[in-house]
There are 2 protein chains.
Amino acid sequence: MASTSPAASRLSARPRAQRVLPESRFDRRLAKILLHATNEFYEKGYEGASMRDLSRSSGMSLAGLYYYFESKEKLLYLIQKHTFQTIVERLRARLQEVSDPEQRIRVFILNHLEYFLANQKAMKVLSHEDDVLKNSFGSEIATLKREYYRICLELLDQFQQAKGLEFSSRIAVLSLFGMMNWIYTWHHPRVDADAKELARQMGDIFLRGIHAAKKGKAAKKKTAVPN
Amino acid sequence: MASTSPAASRLSARPRAQRVLPESRFDRRLAKILLHATNEFYEKGYEGASMRDLSRSSGMSLAGLYYYFESKEKLLYLIQKHTFQTIVERLRARLQEVSDPEQRIRVFILNHLEYFLANQKAMKVLSHEDDVLKNSFGSEIATLKREYYRICLELLDQFQQAKGLEFSSRIAVLSLFGMMNWIYTWHHPRVDADAKELARQMGDIFLRGIHAAKKGKAAKKKTAVPN
DNA sequence: CCACAGTTCGAACGTTCGTTCTAATACTAC
DNA sequence: GTAGTATTAGAACGAACGTTCGAACTGTGG
């Protein structure tokens, strides 16, 4: 595991940056590879895409790739980590400008869908290859995921409290994530609405859906289903 | 491709059934293998699970497995086809007993979630390995899927018409499927509600969500989101 | 007993997998 | 030019992949 490859000490360490540019040549090259890798994983899945596929699509020799990272797993890890960090970072910035509980949920939905559709391939790789990373890679991604989940949960709890509602915020959050994340299975940019419109429609469904659950309604046995 | 293996002519043809029992020994054995395969695909994914994994978990030699089916792909195909057919068949039976448009949607949701939770592993394999089958296998599964989708779409259209509502039923169906299918990523039988309760909650969210979109409301620009 | 289909398996097939070794090239500084 | 570091690639590694082959079992009917 102790690595002596050039890739090991890069990226976060960035030894002796000869220019003060935000990105070294190494970083830019790696980013390009990550983009090609995202494409391959998107189309064939992580297990289904081989390093040789990746070599072909990125126009670099098989061995040459390993100068930039130490394993296929690390590649997936870098893709997922960068995607998650970016979407959370953007969300945080947007949430700072809005204080109304309902609008904050709408901001969450819009941010998620906008990023999802603008980076559909990376987001599919993030959603679909959810539990393939193990050990430290896996737990680090899981932490980011939990953090994102928690933000949404708190938005819902605040909304619930402000409006005097009573519903299971866990089920609500997970239903919302399901609605939103599922789009990678069906959205075609040419025929389906854009992010803003989708966010409005899903926001309507979701918000009206949870809005009706007034407190003290004792939600049990409202409408019985036959059989 | 023209197969001479024993498995080729079986199952649907079932030559010379020596007992009139519903299932021959061959069919029962194959069904057992499919069950173990479902488990493996559930845990490691289709590409990630090897035939040797399957051999170990089912307690049969690698070569012995091929007496019952001709390829790994066929195995996935059989699992997905059986799962899809069963859930559609059960749905049809249940829908015959209910005529109220809203209740019919609730029946759809309940049927889906009950089957999903009772057969969580098979349903994950169905949802997660959605586009790995190619050619005739793939298109046959795609047809079943489209059929199931269409049933739900019609339920929504009927509901919409009966209540005088106006919303995109495509987005609504796909949002609903997202909510429901996403559960394979989070549901833990020990901590989460059962199917009936989940169906009630998701049904509430979804139905109230789409119910508010009254006709002629000109749903444009209802609430603007900053940025 | 034999014949024979139904069933199982050890061993191997050829291919592809992720990864590494080593040497060759490109680039920059002197 | 030379020195030295950054970058690339050909060839090969051992392991694992899906699949097949022929021989060996098993159990029943003659």
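Protein chains get the first letters and strands the later ones, always in sequence-line order, with residue 1 at the start of each.
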### Message
At a heavy-atom distance below 4.0 Å, what parts of residues 129-142 of chain B sit against DNA chain C?
### Response
none
### Message
Can you confirm if the NZ or CZ of K74(B) lies within 45° of the ring axis of F137(B) and under 6.0 Å from the centre of its six-membered ring?
### Response
no
### Task
For Y42(B), enumerate each residue passing the ring pair (Phe, Tyr, Trp, His ring centres under 6.0 Å) test, keeping only those at least two apart in sequence or located in another chain.
none
### Message
Determine whether a donor-acceptor pair (N or O, by modelled atom type, separation under 3.5 Å) exists between the side chain of Q80(B) and the backbone of I141(B).
### Response
no
### Centroid-centroid under 6.0 Å between Y115(A) and F84(A) rings
no
## Note on the structure
Rounded to whole Å, the CZ-P distance (R25(A) to dA26(C)) equals 12 Å
### Task
Would you please indicate if the ring centroids of F159(B) and F167(B) are separated by under 6.0 Å?
no
### Message
Looking only at the side chain of M60(B) (C-beta and beyond, no hydrogens), which of the listed nucleotides dC9(C), dT7(C), dT8(D) gets closest?
### Response
dC9(C)
### Query
Can you check the D27(B) CG to dT7(C) C1' distance for me, whole Å?
15 Å
#### Entry: Crowding at NZ, K145(B) (>12 non-hydrogen neighbours, <6.0 Å)
no
### Task
Please check if the distance between the ring centroids of H36(A) and F41(A) is under 6.0 Å.
no
### Query
For every nucleotide of nucleotides 11-25 of chain C, 5' to 3': is a protein heavy atom under 4.0 Å from its base (B), only from its sugar-phosphate (S), or from neither (-)?
-B----BBBBB----
### Task
Rounded off to whole Å, could you give me the OH-to-C1' distance for the Y67(A) and dG10(D) pair?
19 Å
### Query
Are there more than 12 heavy atoms of other residues, nucleotides or ligands under 6.0 Å from atom NE2 of H187(B)?
yes
### Task
Determine: side-chain N/O of R29(B) to OP1/OP2 of dG6(C), distance under 4.0 Å, yes or no.
no
